[in-house]
Visitor: 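Starting off with a structure, shown below.
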Amino acid sequence: MGINLAGVIFANVGEVNLPELTSKRTMASVPFGGKYRMIDFPLSNMSNAGVDNVAVIVRNHFHSLTDHVGSGIAWDLSKRHSGLSILAPYKGHAFLHRIEAMYHLQGYFKDLKEEYLLLTNSNYAANIDYKKMFEQHLLTGADITLMYKEMEIPRKADDPLVLSTDDEGRIQKLLVNPQIEGKCKFSTGSLIIKRDLLIKIVNECMSANELNFRRNFLQDNLSKLNMQGYRYTGHISLVHCVEDYFEENMKLMQKEIRDEIFNPSRPIYTKVRDDAPCRYGLTSKVKGSLVSQGCLIDGEVENSILSKGVRIGKGAVVKNCIIMQDTVIGENAELCNVIVDKDVVVTKGHNICGTDTYPVYIAKQSTV
């Protein structure tokens, strides 16, 4: 049964420092963990919380995203009286600011039956119980509830937002891009707000040409509204750059992190692709890796993530790598600390090596 909360996901957030993976796709459609896309995590978290209406706001390069999410049936969002909506720019006018996007799309918000909105980004992988966050929002009578995690500010985070709260959890300060070392109350990008209040603030910001979401929508209204912090204590993989992407994928090798993110009581759903089971040849050696269905492995794979349909030739060695869908690694090729995008061909005998702090990236549909 649904709750009085609709979801809004921003598909392009976090792309500034990740051009390698987002030049032809949105952040929301970036592959993660072998068989998932980044959009799968906020969509699944919302579905598991009983959020029946979800809008995904896109700016550009959203063909692969629409192909992946379809009607939303994989997340149980293809329903008669609710569902999944892709809200795209119109007449060639790309949304440059979050406030501008919500202003032009406010007709959609006004037509929703839900009274509250959950806004979130798509550059994270985590298993979040948004129902608990919503319950706290109602209990405290907050105008806005911001989720935070006590952690260090991620490297290359674009205008990071840091909170300061009192003993009751009310936000006292909002700092944008502060020079802070060590742990702090870092905003993860999720917030809950009443629909009518969001529309009111968005219209005020547009009329004053104040379009910075963190500074104008949040900071400027801190003294006027009851803003509460919601502390998230679980694991969250935040992706702001290619180094983050590599590191957070590799953390999935740790069983405790996999068990938390892929909690069977709150499943992470994705688009189903029917492939044959993975086939391991007589010359294959696989150790400490995540291997998706449809792979053909005749070489050596260690501490790596293989997406669906990957082929590893005889004598090939793949270590500490992320190999995306339908890529072919030729015979006797050697890869170490490499991110290989979809539909790539690495020809026979090639040796490509990066480091764990600076992985090599091979672009989609390349031949090396």
Visitor: Tell me, do Glu152 and Phe186 make a side-chain contact under 4.5 Å, heavy atoms counted?
Guide: no
Visitor: Is it the case that the side chain of Asn12 and the backbone of Val58 share a donor-acceptor pair, with hydrogens and angles ignored and the cut-off at 3.5 Å?
Guide: no
Visitor: Report, as yes or no, whether the 6.0 Å neighbourhood of atom CD on Glu256 holds more than 12 heavy atoms from other residues, nucleotides or ligands.
Guide: yes
Visitor: Can you confirm whether more than 12 heavy atoms, excluding those of Arg273, are under 6.0 Å from its CZ atom?
Guide: yes
Visitor: Taking the six-membered ring for Trp, is the centroid-to-centroid distance between Tyr36 and Phe262 below 6.0 Å?
Guide: yes
Visitor: Under a 4.5 Å cut-off applied to non-hydrogen side-chain atoms, are Val344 and Val328 in contact?
Guide: no
Visitor: Can you confirm whether Tyr280 is buried at OH, in the sense that more than 12 heavy atoms of other residues, nucleotides or ligands lie under 6.0 Å from that atom?
Guide: yes
Visitor: Kindly compute the distance separating CD1 (Ile329) from CD1 (Ile297), expressed to the nearest 0.5 Å.
Guide: 11.0 Å
Visitor: Between Ser44 and Ser47, is any side-chain donor less than 3.5 angstrom from a side-chain acceptor?
Guide: no
Visitor: Can you tell if the side chain of Ile236 reaches within under 4.5 Å of the side chain of Leu238, non-hydrogen atoms only?
Guide: yes
Visitor: Do Arg258 side-chain atoms and Met253 backbone N/O form a donor-acceptor pair below 3.5 Å?
Guide: yes
Visitor: A cation-pi test, strictly: NZ or CZ of Arg98 under 6.0 Å from the centre of the six-membered ring of Phe10 and no more than 45 degrees from its axis. Yes or no?
Guide: yes
Visitor: So, applying side chain to side chain donor-acceptor pair (under 3.5 Å) with Thr165, which one of Lys173, Gln228, Lys185, Arg170 is it?
Guide: Lys185
Visitor: Between Lys132 and Glu135 (salt bridge meaning N to carboxylate O under 4.0 Å), is one present in this structure?
Guide: no
Visitor: Taking atom CD1 of Ile73 as the centre, report whether more than 12 heavy atoms of other residues, nucleotides or ligands fall under 6.0 Å from it.
Guide: no
Visitor: Is the shortest heavy-atom distance from the side chain of Val310 to the side chain of Gln325 under 4.5 Å?
Guide: no
Visitor: Answer yes if Ile305 and Ile323 sit in the same cluster of Ile, Leu, Val, Met, Phe, Trp and Tyr residues linked by side chain heavy atoms under 4.5 Å apart, and no otherwise.
Guide: no
Visitor: Side chain of Ser304, backbone of Val301: donor and acceptor closer than 3.5 Å?
Guide: no
Visitor: Any side-chain heavy-atom pair from Leu5 and Ile192 closer than 4.5 angstrom?
Guide: yes
Visitor: Are Ile153 and Met151 grouped together when hydrophobic residues (ILVMFWY) are joined by side-chain heavy atoms under 4.5 angstrom apart?
Guide: yes
Visitor: Out of curiosity, does Leu21 fall in the hydrophobic cluster containing Ile352 (side-chain heavy atoms, cut-off under 4.5 Å, transitive links)?
Guide: no
Visitor: Keeping Asn123 on the side-chain end and Gly14 on the backbone end, is there a donor-acceptor pair under 3.5 Å?
Guide: no
Visitor: Counting only heavy atoms not in Lys364, do more than 12 fall under 6.0 Å of its NZ?
Guide: yes
Visitor: Asn320 and Asp356: side chain to side chain contact (heavy atoms under 4.5 Å, CB included), yes or no, with the steps?
Guide: CA-CA 8 Å; Asn320 306 324; Asp356 56 354; over 6 Å; no
Visitor: Check the pair Thr22 / Glu15 against side chain to side chain donor-acceptor pair (under 3.5 Å), numbers first and verdict last.
Guide: CA-CA 6 Å; Thr22 59; Glu15 296 176 354; 4.7 Å; no
Visitor: Identify whether the distance between the nearest side-chain nitrogen and carboxylate oxygen of Asp40 and Lys35 falls below 4.0 Å.
Guide: no
Visitor: Heavy atoms only: give me the nearest Met27-Val239 pair and the separation to one decimal.
Guide: CE-O, 3.9 Å
Visitor: Give the C-alpha distance, both sets of side-chain angles, the deciding distance and a yes or no for ring-ring contact (aromatic ring centres under 6.0 Å, His included) between Tyr230 and Tyr148.
Guide: CA-CA 6 Å; Tyr230 175 78; Tyr148 70 88; 8.1 Å; no
Visitor: Checking Asn127 against Asn263 for the side chain to side chain donor-acceptor pair (under 3.5 Å) test, could you report, in this order, the C-alpha distance in whole Å, the side-chain angles of both residues, the deciding distance, and whether it holds?
Guide: CA-CA 7 Å; Asn127 197 316; Asn263 183 342; 5.6 Å; no
Visitor: Just do the side chain to side chain donor-acceptor pair (under 3.5 Å) check on Ser307 and Ser292 with the steps written out, would you?
Guide: CA-CA 5 Å; Ser307 296; Ser292 302; 5.2 Å; no
Visitor: Any donor-acceptor pair under 3.5 Å linking the side-chain atoms of Asn212 with those of Asn216?
Guide: no
Visitor: May I ask you to check whether Asn226 and Asp143 show a side-chain donor-acceptor distance below 3.5 Å?
Guide: no
Visitor: Quick one: do Arg25 and Asp341 make a salt bridge, cutoff under 4.0 Å?
Guide: yes
Visitor: Quick test of your reading of the model: are Arg195 and Glu114 salt-bridged, counting only N-O distances below 4.0 Å?
Guide: no
Visitor: Which heavy atom of Ala55 sits nearest to which heavy atom of Leu87, and what is that distance?
Guide: CB-CD1, 3.7 Å
Visitor: How about Phe213 and His97: are their ring centres within less than 6.0 Å of each other?
Guide: no
Visitor: Any heavy-atom pair between the side chains of Leu191 and Thr145 that's under 4.5 Å?
Guide: no
Visitor: Which heavy-atom pair separates Gly330 from Ala316 by the least distance, and what is that distance?
Guide: O-CB, 3.4 Å
Visitor: Could you go through the side chain to side chain contact (heavy atoms under 4.5 Å, CB included) check for Leu252 and Ile261 one step at a time?
Guide: CA-CA 9 Å; Leu252 295 178; Ile261 293 180; 4.0 Å; yes
Visitor: Compute the ring centroids of Phe41 and Tyr124, then answer whether they are less than 6.0 Å apart.
Guide: no
Visitor: Between Lys271 and Asp67, does any side-chain N to carboxylate O distance fall below 4.0 Å?
Guide: yes
Visitor: Group every Ile, Leu, Val, Met, Phe, Trp and Tyr by side-chain heavy-atom contacts under 4.5 Å, then state whether Ile9 and Ile128 land in the same group.
Guide: yes
Visitor: May I ask you to test the Asn203-Met206 pair for a side-chain heavy-atom distance under 4.5 Å?
Guide: no
Visitor: Out of Asn177, Val176, Thr188, which residue meets the side-chain contact (heavy atoms from CB on, under 4.5 Å) rule with Leu161?
Guide: Val176
Visitor: Give the cluster check for Ile322 versus Val318: same hydrophobic cluster or not, with ILVMFWY residues linked at side-chain heavy-atom distances below 4.5 Å.
Guide: no
Visitor: Between Asn332 and Lys348, is the side chain to side chain contact (heavy atoms under 4.5 Å, CB included) condition met? List the steps.
Guide: CA-CA 6 Å; Asn332 300 313; Lys348 182 178 179 179; 4.2 Å; yes
Visitor: Between Arg155 and Glu247, does at least one N-O distance fall below 4.0 Å, as a salt bridge requires?
Guide: yes
Visitor: Identify whether the distance between the nearest side-chain nitrogen and carboxylate oxygen of Glu115 and Lys194 falls below 4.0 Å.
Guide: yes
Visitor: Could you walk me through whether His235 and Ser237 pass the side chain to side chain donor-acceptor pair (under 3.5 Å) test, one step at a time?
Guide: CA-CA 7 Å; His235 175 80; Ser237 293; 3.0 Å; yes
Visitor: Just so I know, are the side chains of Val202 and Cys205 near enough to count as touching, which here means a heavy-atom distance under 4.5 Å?
Guide: no
Visitor: Just checking, is any N or O donor in the side chain of Tyr130 or Ser190 under 3.5 Å from an acceptor N or O on the other one?
Guide: yes
Visitor: Closest approach of Asp275 and Lys308, non-hydrogen atoms and distance?
Guide: OD2-CB, 4.0 Å
